Amino acid sequence: MGRWLLANRVQPVGPEVGESHGATHSWWKVMCLTGVDYFSSLSYLPGIAALAAGALSPLATLLVVLLTLVGMLPMYRRVAKESPHGQGSVAMLEKLLPFWRGKFFVLILLGFVVTSWIITITLSSADATVQILQNPYLAGALHGQAVTITVVLLLILGGVFLLGFNEAVGVAIPLVAVFLLLNAVVVAVGIADVFSTPGALSGWTDRLTSGGGGIGAVIGPAVVAFPLLVLGLSGFETGVSMMPLVAVSGATAEQRLASRVRNTRKLLTAAALIMSVYLLSTSFITTVLIPAREFEDGGKASGRALAYLAHEKLGNGFGSVYDISSVLILWFAGASAMAGLINIVPRYLPSYGMAPEWGRAVRPVVLVYTAVSIAITIIFRADVNAQAGAYATGILVMMFSGAVAVTISCFRRQRPRAGTAFIVLTLVLLYALIANVIEKPDGLAISAVFILAIIVISLVSRISRTTELRVDRIEFDDDARRFLTESLRHDGSLNLVANQRQSGAREEYEAKEAGQRGMNPVPGRADVLFLEVDVIDPSDFSDVLRVRGLDIGGHRVLRVKSPAVPNAIAAVLLGLRDSTGVRPHCYFEWAEGNPIGHLLRYLVLGRGDTAPVVREILRENEKDPALRPGIHVGS
C-alpha cells in the first residue's frame, strides 16, 4: 500500500516545470482544458450576478468584461512572458523578496491559492448537484440530498486521481465544445424571446429607472455588485499554469520559448473573448427573462439560470441534455482545480523543507485535498451562493498579487506608462477585494484558516526535517580532488578541521590548526584539511554542494556554499567516505553561548552549535557506528 501511494510523483521539483514535462498540445486544445474551469462558471455566474445586482446585472457584468479585456488579459499576457515555464505570478513575487520574508510571503499567497482551488472544487461540484436536483425527472427522487450527492461527486473525483488522470486535454475538448454549443443555442433562443415577447425588454428598462437618481443611481449599484462577479477570472491563472502543455516550434531553446509565449497569449486572448461574449449575452437574457424571485435560494433559477431557460424555452428534453453537459463540465472543472492543487505543493513546500517528503507524491495529496473538500462541502451544506464569497476572495488575492508583480516588473524594465496603467488595475482589484471581504467576510476567514494551517504545517515540517542531509548532489572541483588525493597519499586517512572563516588570512588557519592539535586528538603527523561552509540563504532547504579547493598560504581549504552549515558538513563527510572508502574524521571547537539560542540560530540562520547537530545528522543517516564519520569536539 505504501509503495502504491507513493508511486506517482509530480516532477520536476521546484518552481519551474521542465521543457520536457508531459505531452504538449495545440494552444486551442489547452484552452479547452483551461476552459473547463473558465467556461463552466457560465452555469452559475449569471445567477450570482442577478442575485447581487438585480436588474443591473448586465451592467455589473459589463464592468467585469471591461476588467477582463482591458486589465486582466494584458496583465496575464505579461505574466506569460515573464514566467514561461508555468510558475505564474506567485513565483514572480517570490523573486522580489529574499530569505525568510519571501518564503512566508509565498506561504500566505499559497493559502489564498489553495482557498480558491479548493472552493473551485466544492463550488463546481455543488453547482453540478444543483443541476441534478433541479432536473424535472430527478427532483422528486433526490430532494434534500444535496450534500450527499456533492460528497459522492467529490469522492468520484478523488478516486479518478487515485487511479490515474491522463489525457485530460482529450476529455476537455468535447466537454467544452458541447457546452459552448448548447449555451449558444440557449442564448440565440433567449435573445429572440427578449425582442419577441411583449413587455419583456420594456419591463427590464423600467426596473432600471424605477429608483430615479439618474445615471449615478444605475452605475453606482453595478460598481458595488461587480466584485462578486470575478469568479470566472480564475481561468487566467489556470491558463498560465498550463503553459508547459502548449506545443511549441523552433530550432533553438529561445525560439521554442518565444513560441510558447505567443501560443499562450493566443490561448488567453481567445478564452477571454469567448467568455466575454457569453457573459454579456447570458447575463442579459437571464436578467430580462427570469423573474427575480427565481434567483433567490430555493428558486428554480438559483445557481442554474441558463439551465432554467433551457428547460423553459426549449423543453425538458433539451434541458436535460443541457443539465448533463453542465454536470460533466462542472465536475471536470473540479478536476482542473485538483490538477492545479497537485502541482502547488511539489513546486514550493517540499523545496522549502516545509512539507514532508510524501508531499511530492500525487495520491497522498489527493487524499488530503479530497478530505478537505468534503469538510468544506459539509460546512457550507453544498450551497453555491454561500461559497461564492470565499472563492472570490481567493481569486481576487491571486489577481491582486499578480497585478502588483506586473506593476513592479514594468517599472523595473523602465516602462512607466504600462506601469501606471497596471497601478490603476491594481487599485481596481484592491477595491474589489476590500468590497468582497466586507460583503462576504467568511471568505477571508476561510483563507486565514488555510494560511494558518499551511504555516503551522510548514514550520513543524521544517523543524522535523532538520536532521536531513538536504543535498541533491555533491560536486568536487579539480583542486578539491587534488587536495583529497594528496591527503590520502600522505597517511591513508582524512582529517578535516571545521572552520568558521573570519579574516581568511594565512594566520587564521595557522592558529586554528595549532588550536585543534592542542585540544583534539589529531594525530601528530596527520595531514589536515580545512572545511568551511558559507551560508547563502538559510531559508532554502536543499541545494547542490559544489566543493572548491583553495590554497591559502600553504593551507588547503575545502569551501562550500549551503543553506545550513551542519547539514553540508555531514553530507561532505558521508560523500568522502563513500567515494574514497576511508572513514573521515572532523574536528570542532565547542561554541560559546546558550544551547537553546544556538538551536534557534540554526533553525533560522543555518548555523549554531554545529558539532552536536552534525553528529545527530550522521547518526540519523548512518545507523552503523563503525561506518559513521568520526566527530571530535574540544575546548
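Note that this is a predicted model, so its numbers are computed, not measured.
- Counting heavy atoms from C-beta outward, Leu433 and Val437 have side chains that approach closer than 4.5 Å.
- The shortest side-chain heavy-atom distance between Val65 and Val277 does not fall under the 4.5 Å cut-off.
- Looking only at distances, a side-chain donor or acceptor of Tyr278 sits under 3.5 Å from a matching main-chain atom of Leu180.
- For the atom pair Asn183 CG and Ser281 OG, the distance stands at 8.5 Å (nearest 0.5 Å).
- A donor-acceptor pair shorter than 3.5 Å cannot be found between the side chains of Thr377 and Thr122.
- Residue pairs meeting the salt bridge (Lys or Arg N to Asp or Glu O under 4.0 Å) criterion with at least one partner in residues 109-120, sequence neighbours excluded, are absent.
- No donor-acceptor distance shorter than 3.5 angstrom exists from the side chain of Ser325 to the backbone of Val321, with no hydrogens or angles considered.
- Nearest heavy atom pair, residue Met338 against residue Thr370, reads CE-OG1, 3.8 Å.
- No side-chain heavy atom of Thr115 sits under 4.5 Å from any side-chain heavy atom of Thr393.
- In terms of modelled atom types and a separation under 3.5 Å, the side chain of Ser259 and the main chain of Ser249 share a donor-acceptor contact.
- Proximity of Met275 to Thr68: side-chain heavy atoms (C-beta onward) are nowhere separated by under 4.5 Å.
- By the 4.5 Å heavy-atom criterion applied to side chains, Val176 and Ile329 are counted as neighbours.
- Under the 4.5 Å side-chain criterion, counting only non-hydrogen atoms from C-beta, Leu33 is in contact with Phe332.
- In this structure, OG1 on Thr264 lies 13.0 Å from CE on Met31, to the nearest 0.5 angstrom.
- Proximity of a side-chain donor or acceptor of Ser57 to a complementary backbone N or O of Gly54 within less than 3.5 Å is not detected.
- For the salt bridge (Lys or Arg N to Asp or Glu O under 4.0 Å) condition, the pairs that include at least one residue of residues 178-199, sequence neighbours left out, are Asp193-Lys313.
- For the salt bridge (Lys or Arg N to Asp or Glu O under 4.0 Å) condition, no pair includes a residue of residues 265-281, sequence neighbours left out.
- For the pair Glu294 (side chain) and Lys300 (backbone), a donor-acceptor distance under 3.5 Å is present.
- Rounded to the nearest 0.5 angstrom, Leu123 CG and Ile376 CD1 are separated by 12.0 Å.
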Discussion item. Go through it in stages, so that I can follow the logic: the residues are Val248 and Arg262, the test is side-chain contact (heavy atoms from CB on, under 4.5 Å), and I'd like the CA-CA distance, side-chain angles, deciding distance and then a yes or no.
Written reply: CA-CA 9 Å; Val248 298; Arg262 286 196 305 271; over 6 Å; no
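- Here the side chain of Thr286 pairs a donor or acceptor atom with the backbone of Ser283 at under 3.5 angstrom.
- Tyr38 has its ring centre less than 6.0 Å from the ring centre of Phe236.
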Worksheet item: Between Leu444 and Phe112, does a side-chain contact (heavy atoms from CB on, under 4.5 Å) hold up when you go through it step by step?
Response: CA-CA 9 Å; Leu444 187 61; Phe112 287 107; 4.2 Å; yes
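- Evaluated for a side chain to side chain contact (heavy atoms under 4.5 Å, CB included) with Ile285, the options Ile290, Leu306, Val189 yield exactly one hit, Leu306.
- When all heavy atoms of Met243 and Ala80 are compared, the pair lying nearest together is CE-O, 3.4 Å.
- Residues Thr129 and Gln145 fail the side-chain proximity criterion, which asks for heavy atoms closer than 4.5 Å.
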Discussion item. Test side-chain contact (heavy atoms from CB on, under 4.5 Å) on Phe450 and Val372; report intermediate values, then the result.
Written reply: CA-CA 10 Å; Phe450 279 112; Val372 173; 3.8 Å; yes
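- Put simply, the side chain of Ser124 never gets that close to the backbone of Ile121: no donor and acceptor are under 3.5 Å apart.
- Rounded to the nearest 0.5 Å, atoms CG (Leu182) and CZ (Phe318) are 5.0 Å apart.
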Practice prompt. Apply side-chain contact (heavy atoms from CB on, under 4.5 Å) to the pair Met398 and Ser116, showing each step before the final yes or no.
Written response: CA-CA 9 Å; Met398 274 201 304; Ser116 63; 3.4 Å; yes
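- Taking CD1 from Ile395 and CG from Leu429, the interatomic distance works out to 11.5 Å, rounded to the nearest 0.5 Å.
- Between Phe284 atom CZ and Leu279 atom CG the span is 15.0 Å, to the nearest 0.5 Å.
- The side-chain heavy atoms of Leu67 and Leu425, taken from C-beta on, include a pair separated by under 4.5 Å.
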